[in-house]
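Right, one structure below, let's go through it.
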Amino acid sequence: MAFVVRNARVLPNSATLEEARQRSLEFFRKACRSIPTIMQIHNLEDVVTISQLRSTISSEIRKQAHVTNPKVIDMLLFKGFEELNNILEQAKQRHHLIGQYVIGREGLVQDHRPKDQGISDFLKNFYSSNYF
């Protein structure tokens, strides 16, 4: 069950941009078809839905939409297949998936309320100059 995509390999080189585009669509389909298995293996039903994971995969692929070199697209597809295999073979644990694909790269929602109530002037100046 966990080795659904094990035999799926990216061919060495795409000859044209259209061929690389077709391979990226094939990767997206395979990734979306493996989502129910991933959710079952890593027990993600209580954290995220299938449609949320599908949209996360789609957004990760769309981040690279500006790439037009077929060799670079092939390299990105290879990395994508490698990531998918690592997830299916449980090389990544549940908290890795939640941190990377559920919460996202921007992390948890930050509290933007004023934090400097009752703090000395020295600390206010220090925090204002050193907050990133």
Side-chain angles (χ1 to χ4, degrees):
M1 174 170 69
F3 303 105
V4 174
V5 188
R6 177 176 276 271
N7 295 327
R9 300 277 186 236
V10 176
L11 298 175
N13 287 321
S14 296
T16 63
L17 186 60
E18 183 60 31
E19 185 179 346
R21 181 182 171 279
Q22 290 299 321
R23 287 185 184 175
S24 63
L25 290 173
E26 177 185 331
F27 168 72
F28 178 71
R29 287 185 200 110
K30 286 184 181 183
C32 287
R33 287 181 185 140
S34 64
I35 289 175
T37 305
I38 292 168
M39 290 188 67
Q40 182 182 9
I41 291 171
H42 296 284
N43 194 21
L44 295 173
E45 290 88 6
D46 59 335
V47 180
V48 69
T49 64
I50 291 175
S51 64
Q52 288 172 329
L53 279 180
R54 189 179 307 118
S55 66
T56 301
I57 292 170
S58 175
S59 69
E60 290 292 323
I61 291 174
R62 286 188 178 132
K63 283 182 186 177
Q64 305 299 332
H66 64 280
V67 178
T68 57
N69 186 345
K71 290 184 180 183
V72 174
I73 294 172
D74 287 341
M75 184 265 314
L76 290 170
L77 287 173
F78 178 78
K79 290 173 82 175
F81 273 111
E82 185 178 29
E83 178 80 8
L84 184 60
N85 282 332
N86 285 341
I87 291 170
L88 288 170
E89 292 175 357
Q90 297 180 357
K92 287 196 169 202
Q93 296 178 1
R94 182 176 192 257
H95 67 278
H96 295 133
L97 296 178
I98 291 172
Q100 190 170 3
Y101 299 110
V102 177
I103 295 175
R105 303 223 186 267
E106 56 273 347
L108 294 173
V109 176
Q110 298 293 322
D111 186 15
H112 295 291
R113 288 181 277 153
K115 298 175 187 169
D116 56 356
Q117 298 168 352
I119 298 176
S120 69
D121 290 334
F122 171 77
L123 285 178
K124 285 182 187 179
N125 292 334
F126 177 78
Y127 288 148
S128 67
S129 66
N130 291 311
Y131 262 170
F132 298 119

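Start at 1 with the first residue, then count along the sequence.
- You'll find the side chain of Ile73 stays beyond 4.5 Å of the side chain of Thr68, heavy atoms only.
- Annotation: side chain of Val48 is not in contact with side chain of Thr56 (no heavy-atom distance under 4.5 Å).
- When atom types are taken as modelled, the side chain of His42 and the backbone of Ile87 share a donor-acceptor pair closer than 3.5 angstrom.
- Residues Tyr101 and His96 are not in side-chain contact: their nearest non-hydrogen atoms beyond the backbone lie 4.5 Å or more apart.
- Considering only heavy atoms from C-beta on, Leu76 comes within 4.5 Å of Val72 through its side chain.
- Applying the salt bridge (Lys or Arg N to Asp or Glu O under 4.0 Å) test to every pair with at least one member in residues 92-104, sequence neighbours left out, gives these pairs: Asp46-Arg94, Glu83-Lys92.
- Atom CZ of residue Arg29 and atom SG of residue Cys32 lie 10.0 Å apart, to the nearest 0.5 angstrom.
- Residues Ser51 and Arg54 meet the side-chain proximity criterion, which asks for heavy atoms closer than 4.5 Å.
- Judged by distance alone, the side chains of Gln22 and Glu26 never bring a donor and an acceptor atom under 3.5 Å apart.
- Using a 4.5 Å cut-off on side-chain heavy atoms (C-beta onward), Ile38 and Leu84 make contact.
- The hydrophobic clustering, which links ILVMFWY residues whose side-chain heavy atoms are closer than 4.5 Å, places Leu25 and Ile57 apart.
- Proximity of Ile61 to Phe27: side-chain heavy atoms (C-beta onward) are separated by under 4.5 Å at one or more points.
- Of all heavy-atom pairs between Ser14 and Pro70, the closest is O-CB, 3.8 Å.
- For Arg62, the side chain to side chain donor-acceptor pair (under 3.5 Å) partners at least two apart in sequence or on another chain are Ser58.
- Using modelled atom types, no side-chain atom of Ser34 and backbone atom of Thr37 make a donor-acceptor pair closer than 3.5 Å.
- Closest heavy-atom contact between Lys63 and Glu60: NZ-OE2, 3.3 Å.
- Contact between Asn43 and Glu45 at its shortest, heavy atoms only, is OD1-OE1, 3.3 Å.
- When all heavy atoms of Leu77 and Arg23 are compared, the closest pair comes out as CD1-CB, 3.6 Å.
- In this structure, the side chains of Val102 and Leu97 stay at 4.5 Å or more apart for every pair of heavy atoms.
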